[in-house]
Amino acid sequence: MGVAIVEAKAAGEAGETPVGAVVAVDGRVVARRGNERERTGDPTAHAEILALRDAAAVLGERRLHRASLVVTLEPCPMCAGAAWAAQVERIVFGASDPRAGATGSLYNVAVDVRLNHTSEVVPGVRAVECAELLTDFFASRR
């Protein structure tokens, strides 16, 4: 989570919503990204999507069976769907997102047995620190 927090801080300093994501396989970070929606004008440039794309490129495989997606904010429906499509083993997140979270708060895509793949979900890792990144960022914008 520490690496994801570094990515989130860098994103916030760049004027992006401070969310960071890491993809790790066997304890080794293979991809790390922060949000890039504002910079790129791409509504899909969430940290999770970018990190999953990078991990697939690095590993040469679209299926990330042994991967953990670690993110500072609970994934939204799009990002939870991308984790499902990548078939990640585990999703670890910091701050919950009661308005758009799709791995336990509002929806629970990761463990929906109607889908052909489920992921373990580990919520609340360094949650206070991750939430403060977001609240401080938005407070500075008001």
Side-chain angles (χ1 to χ4, degrees), residues 1-138 140-141:
M1 183 60 76
V3 176
I5 289 170
V6 168
E7 290 296 320
K9 287 179 180 178
E13 290 168 5
E16 299 284 347
T17 301
V19 176
V22 168
V23 177
V25 177
D26 299 327
R28 180 176 65 97
V29 173
V30 296
R32 55 190 287 173
R33 296 292 282 269
N35 273 354
E36 295 184 9
R37 294 186 312 160
E38 301 302 324
R39 183 176 67 79
T40 63
D42 179 355
T44 69
H46 288 205
E48 302 96 305
I49 300 290
L50 300 173
L52 288 167
R53 286 177 185 163
D54 289 353
V58 165
L59 299 171
E61 175 64 52
R62 72 171 183 84
R63 290 180 186 93
L64 305 176
H65 294 287
R66 295 182 357 260
S68 293
L69 173 64
V70 181
V71 61
T72 57
L73 178 65
E74 181 180 0
C76 71
M78 176 182 68
C79 294
W84 164 79
Q87 298 180 359
V88 300
E89 180 178 12
R90 179 178 304 103
I91 299 170
V92 178
F93 68 85
S96 294
D97 186 353
R99 293 182 7 200
T103 56
S105 290
L106 186 60
Y107 303 106
N108 207 342
V109 172
V111 298
D112 190 330
V113 295
R114 296 171 295 178
L115 299 171
N116 67 335
H117 173 79
T118 60
S119 300
E120 175 188 1
V121 176
V122 181
V125 176
R126 296 174 69 175
V128 171
E129 186 177 359
C130 292
E132 285 175 350
L133 288 172
L134 293 158
T135 54
D136 292 350
F137 175 80
F138 288 114
S140 74
R141 299 274 189 256

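- Here Glu74 contributes atom CD and Asn108 contributes atom CG; the two are 8.0 Å apart, rounded to the nearest 0.5 Å.
- When all heavy atoms of Ser96 and Ser105 are compared, the pair lying nearest together is CB-OG, 3.7 Å.
- The closest side-chain heavy-atom distance from His46 to Asn35 is below 4.5 Å.
- Here the closest non-hydrogen pair linking Val121 and Ala110 is CG2-CB, 3.4 Å.
- Every pair passing side-chain hydrogen bond (donor to acceptor under 3.5 Å, both in side chains) that includes a residue from residues 7-20 is listed here, sequence neighbours excluded: Glu7-Arg32.
- Side chain of Thr72 to backbone of Gly20: a donor-acceptor contact under 3.5 angstrom is found.
- The heavy-atom pair separating Ala80 from Pro75 by the smallest distance is N-CB, 3.9 Å.
- In terms of the side chain to side chain donor-acceptor pair (under 3.5 Å) criterion, Arg62 has no residue partners (sequence neighbours excluded).
- Across all non-hydrogen atoms, the minimal contact from Pro18 to Ala11 is CA-CB, 4.3 Å.
- Listed by first and then second residue, the salt bridge (charged side-chain N to carboxylate O under 4.0 Å, His left out) pairs that reach into residues 76-101 are Arg90-Glu120, sequence neighbours excluded.
- A pairwise comparison of heavy atoms in Ala45 and Thr40 identifies CB-OG1, 3.7 Å as the closest pair.
- Partners of Val125 under the side-chain contact (heavy atoms from CB on, under 4.5 Å) rule, at least two apart in sequence or in another chain, are Met1, Val92, Val122.
- Contact detail for Gly94 and Ala127: the closest heavy-atom pair is O-CB, 3.4 Å.
- When side chains are defined from C-beta on, Leu64 does not count as touching Val25, because their heavy atoms never get closer than 4.5 Å.
- Rounding to the nearest 0.5 Å places CZ of Arg66 at 4.0 Å from CG of Asp26.
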Result block: side-chain N/O donor-acceptor pairs under 3.5 angstrom for residues 48-61, not counting sequence neighbours:
residue	atom	partner	partner atom	Å
Asp54	OD1	Arg33	NH1	3.0
Asp54	OD2	Arg33	NH1	2.5
Glu61	OE2	Arg63	N	3.2

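- The shortest side-chain heavy-atom distance between Ser68 and Val88 does not fall under the 4.5 Å cut-off.
- Using a 4.5 Å cut-off on side-chain heavy atoms (C-beta onward), Trp84 and Asn116 make contact.
- Evaluation of the salt bridge (charged side-chain N to carboxylate O under 4.0 Å, His left out) test over residues 101-115, restricted to residues two or more places apart or in two chains, returns Asp112-Arg114.
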